[in-house]
**Q** 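Structure below; questions to follow.
Chain naming here is simple, since letters A, B, ... match the order of the sequence lines and numbering starts at 1 in each.
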Number of protein chains: 2
Amino acid sequence: MRRNSKSTAETVERGHFNDYLGRHNLRRTQERIRILQEVFSTHDHFDVETLLFRLRRKKHLVSRATIYRTLKHLLDSKLVRQVDLGRNRAFYEHALGRENHEHLVCVACGKVVEFSTVTIQKLQNFVCEEFNFRPVRHSYQILGTCESCQSSS
Amino acid sequence: MRRNSKSTAETVERGHFNDYLGRHNLRRTQERIRILQEVFSTHDHFDVETLLFRLRRKKHLVSRATIYRTLKHLLDSKLVRQVDLGRNRAFYEHALGRENHEHLVCVACGKVVEFSTVTIQKLQNFVCEEFNFRPVRHSYQILGTCESCQSSS
DNA sequence: TTGCTATTGCGTCTCATTCTCAATATGAGC
DNA sequence: GCTCATATTGAGAATGAGACGCAATAGCAA
Ligand SMILES: [Mn+2]
Ligand SMILES: [Mn+2]
Ligand SMILES: [Zn+2]
Ligand SMILES: [Zn+2]
């Protein structure tokens with residue numbers, strides 16, 4: 001008896017989210033559901049304004065404050081990751097089958113390219129062992145100009 | 001006929017700075033000299049408030065606006081580098097004989113450990129070649145807890 | 001010394017993010 | 001389904017880093 005399901009992925013995330021809400025005595029509100037839905041329906045790197053705009057376009061009215069608050073929960077539950085794109089505001093991406101990747105950012109047009117490598121993880125282990133640090137997270141971005149922005153200069 | 005010189009390093013930097021000012025039609029003001037002096041008299045990672053405080057302690061009154069403006073010139077002239085320490089504001093360090101190093105930051109006490117590696121540079125070259133990017137700069141930090149902050153938890 | 005103009009300091013502005021609080025919605029227990 | 005304690009929301013104010021405008025001032029070349 002299956003519904004007109006969108007994707008198993010979405011179902012999984014919704015499950016994780018419900019679990020998280022349960023464990024923290026948080027309520028399953030319309031706003032949180034809609035934000036989760038929107039975040040997992042796209043696969044790009046977005047900021048708060050973009051998310052707000054997308055929700056408004058769908059007539060899913062959610063306040064800016066609630067978006068900030070919900071994103072904090074999504075970060076805490078590891079469903080969403082924060083990304084530093086060298087801008088003056090935070091960007092986010094959902095964390096579904098996109099583990100361990102880094103970013104290449106074009107400083108001219110803003111284009112973002114993802115790449116994976118084991119190098120970063122190895123280096124982190126090595127360095128943390130040497131200095132007796134317990135790693136929590138890392139942040140790595142390469143900023144530069146993409147191919148098309150180079151030719152048009 | 002040598003003066004009571006503080007260090008050759010300082011002299012070198014002052015030279016670079018004067019060159020930079022000359023090339024850009026900028027004046028050699030008291031404020032700029034004092035900021036340069038203060039920045040090169042310490043070897044840590046500082047933010048604007050800290051720099052302001054240190055200058056005030058020495059009765060070298062410089063406004064916040066001038067510090068921001070001068071730091072921009074110091075960045076532009078490559079005498080100072082900006083460092084991302086995972087906080088919500090910019091940190092800086094002077095760039096004298098401290099090329100190509102990365103940072104390990106304790107999220108508990110704020111301690112910063114520097115480390116050098118050729119790995120990052122190699123990786124950057126490799127990735128940029130693959131995606132036809134022209135690299136401008138990179139940012140890499142490992143956030144975690146230092147040894148003493150681990151034991152006191 | 002003069003005069004042009006780069007620079008400063010102060011206050012104001014912007015922009016992202018957080019906070020406050022009264023009104024509202026959620027969900028457990030009945 | 002209804003009640004009620006309380007988690008949550010939205011609107012707007014508050015905050016904090018940093019940029020900016022402008023009148024007063026200081027560098028510096030002539
Ligand atoms: Mn990504
Ligand atoms: Mn450093
Ligand atoms: Zn580009
Ligand atoms: Zn520590």
**Q** Under 30°, 30 to 60°, or over 60°: which ring-plane class applies to Phe131(A) and Phe115(B), parallel, tilted or perpendicular?
**A** tilted
**Q** So Gln30(A), base contact, sugar-phosphate only, or nothing? Heavy-atom distance under 4.0 Å.
**A** sugar-phosphate
**Q** Could Arg89(B) and Glu49(B) be called an ion pair, given the rule that one side-chain N must be under 4.0 Å from one carboxylate O?
**A** no
**Q** Under 3.5 Å, which donor-acceptor pairs link side chains of residues 18-28 of chain A to any protein atom two or more places apart or in another chain?
**A**
residue, atom, partner, partner atom, Å
Asn18(A), OD1, Arg28(A), NE, 2.8
Asn18(A), ND2, Arg14(A), O, 3.3
Tyr20(A), OH, Asp76(A), OD2, 2.7

**Q** In whole Å, I'd like the distance from the CZ atom of Arg34(A) to the P atom of dT9(D).
**A** 12 Å
**Q** Can you tell me the distance, in whole Å, between the CD1 atom of Ile67(A) and the P atom of dA16(C)?
**A** 14 Å
**Q** Kindly determine whether His138(B) and Ile120(B) satisfy side chain to side chain contact (heavy atoms under 4.5 Å, CB included), including the steps that lead there.
**A** CA-CA 9 Å; His138(B) 72 264; Ile120(B) 290 294; 3.5 Å; yes
**Q** For Asn25(B) and Ser63(B), find the nucleotide of DNA chain C closest to each by heavy atoms; which residue's nucleotide sits nearer the 5' end?
**A** Asn25(B)
**Q** Nearest-Å distance, CZ (Arg87(A)) to C1' (dG18(D))?
**A** 17 Å
**Q** Does any donor-acceptor pair link the side chain of Arg27(B) with the base of dT5(C) at a separation under 3.5 Å?
**A** yes
**Q** For the helix from dT1(C)-dA30(D) to dC30(C)-dG1(D), how many degrees between its two end axes (five pairs per end), to the nearest 10°?
**A** 30°
**Q** With the threshold set at 4.0 Å, does a side-chain nitrogen-carboxylate oxygen contact exist between Lys58(A) and Glu38(A)?
**A** yes
**Q** Cut-off 3.5 Å, no hydrogens considered: what does the side-chain donor-acceptor table look like for residues 92-101 of chain B, sequence neighbours left out?
**A**
residue, atom, partner, partner atom, Å
Glu93(B), OE1, His45(B), NE2, 2.8
Glu93(B), OE1, His101(B), NE2, 3.2
Glu93(B), OE2, His101(B), NE2, 3.2
His94(B), ND1, Val39(B), O, 3.4
His94(B), ND1, Thr42(B), O, 3.1
Arg98(B), NH1, His94(B), O, 3.2
Arg98(B), NH2, His43(B), O, 2.9
His101(B), ND1, Arg98(B), O, 2.8
His101(B), NE2, His103(B), NE2, 3.1
His101(B), NE2, Glu114(B), OE2, 3.1

**Q** Could you check His73(A) against Ala65(A) and say which one's nearest nucleotide on DNA chain D is further toward the 5' end?
**A** His73(A)
**Q** CD of Glu31(B) versus P of dA24(D): gap in Å, rounded?
**A** 18 Å
**Q** Just the rounded figure in Å: distance from C1' of dT18(C) to CG of Leu71(A).
**A** 14 Å
**Q** Without decimals, in angstroms, what is the distance between Arg89(A) CZ and dT18(C) P?
**A** 15 Å
**Q** dT17(C) phosphate, OP1 or OP2: any side-chain N/O from Tyr68(A) under 4.0 angstrom?
**A** yes
**Q** Closest approach to the side chain of Arg64(A), judged atom by atom: which nucleotide of dC20(D), dA19(D), dT17(C) is it?
**A** dT17(C)
**Q** Starting the side chain at C-beta, find the nucleotide from dG10(D), dG18(D), dT9(D) nearest to Thr29(A).
**A** dT9(D)
**Q** dG9(C), OP1 or OP2 - any side-chain N/O from Thr66(B) closer than 4.0 Å?
**A** yes
**Q** Ignoring hydrogens and geometry beyond distance, is a side-chain donor-acceptor pair present between Ser139(A) and Gln141(A) at under 3.5 Å?
**A** yes
**Q** Rounding to an integer number of Å, can you tell me how far Glu49(A) CD sits from dT14(C) P?
**A** 16 Å
**Q** Quick one: which of dG9(C), dG18(D), dT9(D) gets closest to the side chain of Val48(B)?
**A** dG18(D)
**Q** Lys72(A) side chain: which of dC10(C), dT18(C), dT9(D) is closest?
**A** dT18(C)
**Q** Arg69(B) has an atom CZ; how far is it from atom P of dG9(C), in whole Å?
**A** 8 Å
**Q** Decide yes or no on side chain to side chain contact (heavy atoms under 4.5 Å, CB included) for Ile67(B) and Ile35(B), but give the supporting numbers first.
**A** CA-CA 7 Å; Ile67(B) 290 184; Ile35(B) 290 171; 4.0 Å; yes
